[in-house]
**Student:** 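Supplied in C-alpha cells, the structure appears directly below.
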Amino acid sequence: MTASDDRSGAGRGGLNRPHQATAPLLEVDGLSAAYGAVQALTDVSLQVMPGEIVTLIGANGAGKSTLLMTLCGEPKPRAGRVVLAGEDITGAPTHAIMRRGVAQSPEGRRVFPRMTVRENLLMGAEALTRGDPTPQLERVFVLFPRLKERLAQRGGTLSGGEQQMLAIGRALMSRPRLLLLDEPSLGLAPLVVKQIFEAIRALNAETGLTVLLVEQNAFQALRLAHRGYVLVNGRITMAGTGQELLARPEIRAAYLGGH
Amino acid sequence: MGRTNPVAAVKDAALAALVAFGLFAMMVGLRTEIGPEGALVLRQRWGDVAILCGLVFLGRLLLTLWLGRRRVAASTKPGRWTARLQQAGRLFAPAMLAVALTLPVLSGGDRYILDLGILVLTYVMLGWGLNIVVGLAGLLDLGYVAFYGIGAYSYALLATEFGLSFWLCLPLAGILAAFWGVLLGFPVLRLRGDYLAIVTLAFGEIIRVVLLNWVSLTGGPNGIAGIPRPSFFGLPFSAAGGEGSFAGFFGLEPSPSHRVIFLYYLILGLALLTNWVTIRLRRQPLGRAWEALREDEIACRALGINVTVTKLSAFAIGAMFGGFAGAFFATRQAFVSPESFTFIESAIILAIVVLGGLGSQVGVAVAALVMIGGFEVFRDLGDYRMLVFGGAMVVIMVLRPRGLVGTRTPSIALGEKRAISGELVGEGHG
C-alpha cells in the first residue's frame with residue numbers, strides 16, 4: 001500500500017476543472033488487445049483530460065467494452081501503454097488499478113442482487129477507501145435521491161433505471177478520480193436515460209469528476225460529452241468534440257440513423 | 001400464476017409416469033434370479049412396475065394441481081413460511097444451543113444418544129465449514145471431504161509418528177488443511193460453477209487415492225490404527241482411574257462415559273468456534289467480499305476487490321475447519337482409513353449446506369440434525385431408509401427451493417434488520 005491509497009487529496013475538486021490542467025488524467029498509447037487469436041483492439045490511442053467527459057462510441061462488437069476492460073487490467077494488453085495521472089498502469093492487476101482512483105460501472109450494471117441498496121453502496125467503498133463512508137453516501141443520495149428511498153430494498157428488486165443509478169452510485173463510493181461508465185443507457189427507457197445522463201452531467205459540472213463513457217446511444221452520448229472518439233473494428237477512426245462529431249455526415253449516417 | 005388446466009396436469013402426470021416406466025421397467029420389472037437348476041431365470045414383476053408408475057402419476061398430478069393453486073404475490077415482505085421461520089428462529093437457535101449444551105445431562109449419559117450427538121455435531125461443523133466456501137463465497141466445492149481426510153491423517157500421523165498431543169496437533173491439522181485448500185484454490189481461480197465442481201471433485205478423489213496407495217506413509221487400505229485418544233488437558237481417561245487420570249484427579253468414579261462426554265463437548269466447542277468465526281467474518285470486510293463474490297464476480301473486480309485473495313481465503317478458512325473436524329474424527333475413532341473419506345461424504349456435507357439454505361447457519365445445523373439424526377432414527381426401516389431419505393430431500397426442495405432457511409439477513413442495516421426472502425430471488429448459480 002502506498003500513498004496512492006489516499007484518495008481524498010490531490011486530483012479532485014478545483015484542480016479538475018476542464019482545460020485548466022494540461023497533463024492528461026488518462027493516456028492510452030498504441031493499445032492492442034486480443035481474445036486468443038481474435039484481435040479486439042488495434043493501436044488505440046486516446047487521452048482524457050482532468051474534468052472532461054469523453055465518450056467512446058461505436059457499433060456492437062467494435063471493441064468499446066474491451067477497451068474499458070483493458071484499461072481495468074483484463075484482458076492484458078498485447079501492446080501499448082496505459083498511463084493514469086503520469087503513472088504507468090499497463091498490465092497491472094485490476095484491483096491495483098482500481099486502487100489508483102479508477103471506478104467502473106460495468107456493462108449490464110451488475111448490482112449485487114441479494115444485497116440491499118445500502119450494502120451495495122457500501123461495497124463500493126469497502127475495498128478502496130478507509131474511514132467513514134457516510135459523507136460519500138450522502139453525496140450519492142444528493143445525486144440519486146431515489147436510492148435513499150430504496151435503501152433497505154434488495155438490489156435485484158430495483159427497476160433497470162434504479163439499478164443503473166445504484167451501479168453508478170456504488171462506483172462513486174470510492175471517491176474516484178476517473179469514472180468509467182460502460183453503456184449506462186443499456187435497456188433503459190428514453191426518459192430514464194435522460195435522467196441518468198443528466199446526473200452524469202451534474203456530477204461532472206459540480207465536482208469536476210472525469211468521466212469516460214462508452215455508449216451505443218451515440219446521439220445522447222455526444223451531446224453530453226466534451227469530446228468523443230469513434231471506434232470501428234477495434235480502431236479509432238475519428239475524434240473530435242461532441243459537437244464536431246455530431247455534425248459529421250458519416251456519423252449521422254452510421255450511428256444516428258439520419259437524425 | 002393462474003389456475004392449472006386439469007387436462008394439461010393429467011398430460012404432465014402421464015409424461016412423468018412414462019419416464020418412471022422407462023426407469024422402473026428395467027430396474028424393477030425385470031429381475032434375474034437363480035433358478036432351480038442353478039441357471040439364471042428372468043422374473044418379471046410388471047405388477048410392481050404398474051404400482052410404482054401409478055404412484056408417480058398420482059404424485060405428479062397432485063403436485064401440479066397443488067402448486068398451481070398457490071399464488072405468488074410480489075412483495076418485499078418475507079413470505080408466510082419465512083416470517084414464521086424467522087419468528088421461530090429467534091427462539092429456536094438459542095433453544096437448540098441449550099439442548100446441545102445440556103444433552104449429556106438430558107440423555108442421562110446414554111452412550112447411544114451421545115455418540116449420535118457427536119456424529120451430528122461433526123456434520124454440523126463440516127456443514128458450517130463448507131458453508132463458508134459454498135454458502136458465503138459461492139464456490140461450489142464437491143471435494144470438501146479431502147480436507148476432512150487431510151486433517152484426520154495429519155493428526156493420525158503426527159500423533160503416532162512423533163507422539164504429539166491432540167492440542168498441538170489440532171492447530172497443525174487445521175494449518176495443513178488450509179495449506180491444501182490454498183493449493184487447490186490456485187489452479188481453480190479462473191473456474192466457476194460446474195467447472196469448479198468437477199475439479200474439486202477430482203481433487204477429493206486424488207487425495208483419497210493417494211491415501212489409499214501411499215502405503216509406506218498412510219498404511220494404504222489398512223489405515224492407521226492406535227491413534228492416541230485425547231486427554232483432558234494432559235489427564236488421560238483411563239478405565240483404571242488412579243493418580244494422574246481424569247477420574248483420579250477430580251475424585252470421580254472411573255467411567256467410560258467421561259471420555260464420550262468430553263468428546264461431545266470438544267466437538268460442540270469446535271462447531272461453535274466455526275459458527276462464531278463465520279458470523280464474525282460475515283461482518284468483516286473479508287466476509288462481505290465473499291458474499292459479493294458469490295453475487296457477482298465481475299462487479300467485485302470492478303469495485304477493486306482482490307478476487308484472488310478473496311477466493312483463496314475462502315478455500316483456506318473453509319478447509320481449516322474441515323481439518324479441525326478431521327483431527328477430531330481421528331482422535332474419536334482412534335483409527336483412520338481412506339474408506340471414511342469417499343465422495344459420498346462430500347455429497348452429504350454439500351446436501352446439508354444446500355438443504356439448510358446456502359449461507360444460513362441455523363439452517364445448516366437443522367439440516368445436519370435432520371439428515372444425520374434422521375438417517376439414524378430410520379435405521380429400522382432397513383432398505384427403505386434411502387427411499388425415505390431421498391423422498392424427504394425431494395419434498396424439501398419442492399417446498400423450500402432455497403433451503404430450509406432461504407433468507408439472508410443483511411450484514412449492514414439501518415435500524416431494524418430485515419431478512420431477505422429467498423423466494424423473491426432467482427435460484428443461485430453455482
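Both backbone and side-chain heavy atoms feed into the values below; hydrogens, waters and symmetry mates do not. Residue numbers begin at 1 in each chain, while the letters A, B, ... track the order of the sequences.
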**Student:** Anything in residues 299-308 of chain B with a heavy-atom distance to chain A below 4.5 Å? Please list those residues in order.
**Tutor:**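 Answer by number: B/Ala299, B/Cys300, B/Arg301, B/Ala302, B/Leu303, B/Gly304, B/Ile305, B/Asn306.
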
**Student:** Do B/Glu291 and A/Met123 come within less than 4.5 Å of each other through their side chains, counting heavy atoms only?
**Tutor:**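 With C-beta onward as the side chain, the pair stays apart.
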
**Student:** Is it the case that more than 12 heavy atoms not belonging to A/Lys76 sit under 6.0 Å from its NZ atom?
**Tutor:**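 Counting other residues, nucleotides and ligands, NZ of A/Lys76 exceeds 12 neighbours.
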
**Student:** Among A/Arg170, A/His95, A/Met69, A/Met173, which has the most heavy-atom pairs under 4.5 Å with chain B?
**Tutor:**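 Of the candidates given, the most pairs with chain B belong to A/His95.
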
**Student:** Provide the full list of ring pair (Phe, Tyr, Trp, His ring centres under 6.0 Å) pairs with a residue in residues 295-322 of chain B, sequence neighbours left out, each pair given once.
**Tutor:**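 Listed by first then second residue: B/Phe321-B/Phe324.
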
**Student:** Once ring pair (Phe, Tyr, Trp, His ring centres under 6.0 Å) is applied, do any residues pair with A/Phe144, and if so which ones, sequence neighbours excluded?
**Tutor:**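 If we apply the ring pair (Phe, Tyr, Trp, His ring centres under 6.0 Å) test to A/Phe144, skipping adjacent residues, there are no hits.
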
**Student:** How would you list all residue pairs meeting salt bridge (Lys or Arg N to Asp or Glu O under 4.0 Å) that involve residues 60-69 of chain A, not counting sequence neighbours?
**Tutor:**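 Counting only pairs at least two positions apart or across chains, the salt bridge (Lys or Arg N to Asp or Glu O under 4.0 Å) contacts touching residues 60-69 of chain A are A/Lys64-A/Glu183.
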
**Student:** Quick one: does any side-chain atom of A/Glu126 pair with a main-chain N or O of B/Ala289 as donor and acceptor, under 3.5 Å?
**Tutor:**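 Side chain of A/Glu126 to backbone of B/Ala289, a donor-acceptor pair under 3.5 Å: no, none is there.
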
